[in-house]
Amino acid sequence: MRLKDVVAVVTGGGSGLGEALAYRLARAGARLAVIDLRAERAVQVAGALGRAGHDAAALAVDVGDRAAVARAFAQIGDRFGRVDLLVNCAGRSMLVPFLDMTNDDLAWVLGPNFLGVVYCIRAAVPLMSRGSRIVNVTSVSGRVPTPGEAFYSACKAAVVSLSEALEAELAGRGIGVTVVLPGEMSTALFAEHPSWERRPAWQRRMEIPPERVAEAIVRAVGRDRFEVVDRASMRAALLVQRAAPRLFRRGVARYWRALEPLIGRGAPASRTT
């Protein structure tokens with residue numbers, strides 16, 4: 001896909017990877033619809049793009065709200081006339097054992113990480129034509145189980161599976177699909193929930209900058225690639241998972257033994273929403 005003059009919709013576009021990607025797509029000549037839960041973030045990014053001479057619109061949307069998503073894409077259709085590229089970046093997580101999560105916690109994670117992807121795809125496809133593309137940003141947790149983020153990992157795995165199926169289902173419409181599985185990124189996600197204050201230092205050192213992943217996404221879209229895995233250590237983990245599954249599961253168990261004392265029972269309680 002050539003990015004010059006494409007209409008790109010980026011969810012979670014007000015911070016982190018979504019923000020980095022919005023700027024990168026704009027530099028390539030794309031016209032942007034920046035969607036974010038927080039209006040001020042969307043307005044800030046779209047405003048900066050506009051002042052730099054790019055065509056950009058801001059929309060404050062909770063992507064986990066189906067009706068709100070439908071209204072937003074109606075506005076995008078009125079404003080731009082079409083959608084050429086949909087990038088589902090919105091997401092959030094918490095570092096809480098699965099059985100310690102409340103029902104509110106489950107809904108809080110499920111909304112943007114899975115339902116939001118579903119709602120945005122279903123709203124965007126009627127505005128898409130042949131040559132368009134959907135990019136679903138998941139996580140390496142979508143293929144590698146992540147204790148402490150079990151439900152987040154499950155949501156991301158569901159998006160990977162959905163992406164694989166949609167690649168076949170949408171091929172007849174000429175709509176491509178790309179799934180992105182980055183490792184830990186230095187983004188605002190870690191400020192969204194108090195449980196991340198318990199994150200160990202060795203996990204923080206694994207972070208990669210969102211600009212790097214944004215660049216990888218732009219390359220993948222340009223080459224019509226289906227899957228992007230960033231970084232090399234994540235690709236190695238996937239290889240071990242496939243080649244030596246028993247050894248891999250032992251490694252996951254060892255990871256959890258190191259993490260559980262920091263976040264397990266007795267740690268500060270999860271918040272509710």
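We count residues from 1, following the sequence as given.
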Main-chain N/O of I35 paired with T11 side-chain donor or acceptor, under 3.5 Å:
no

Checking S161 side chain against A157 main chain: does a donor-acceptor pair fall under 3.5 Å?
no

Are F226 and E164 close enough, and set up right, to give a side chain to side chain contact (heavy atoms under 4.5 Å, CB included), and what steps lead you there?
CA-CA 9 Å; F226 172 71; E164 291 171 337; 3.6 Å; yes

Does D78 have more than 12 heavy atoms from other residues, nucleotides or ligands lying within 6.0 Å of its CG?
yes

Checking side-chain contact (heavy atoms from CB on, under 4.5 Å) between I217 and each of T178, V180, L25, which is the one that passes?
V180

Is E19 paired with R38 through a side-chain N to carboxylate O contact shorter than 4.0 Å?
no

Is a side-chain N or O of R130 found less than 3.5 angstrom from the main chain of G172, in a donor-acceptor match?
yes

Single-linkage hydrophobic cluster, 4.5 Å side-chain cutoff, L37 and Y152 together:
no

In terms of hydrophobic clusters joined by side-chain contacts under 4.5 Å, are L106 and Y119 together?
yes

Would F151 and V96 count as a side chain to side chain contact (heavy atoms under 4.5 Å, CB included) if you check the C-alpha gap in whole Å, the side-chain angles of each, and the deciding distance to 0.1 Å?
CA-CA 9 Å; F151 190 61; V96 175; over 6 Å; no

As a test of understanding, state which of I175, V6, L3 forms a side-chain contact (heavy atoms from CB on, under 4.5 Å) with D84.
V6

Side chains of P210 and R24: closer than 4.5 Å at any heavy-atom pair?
no

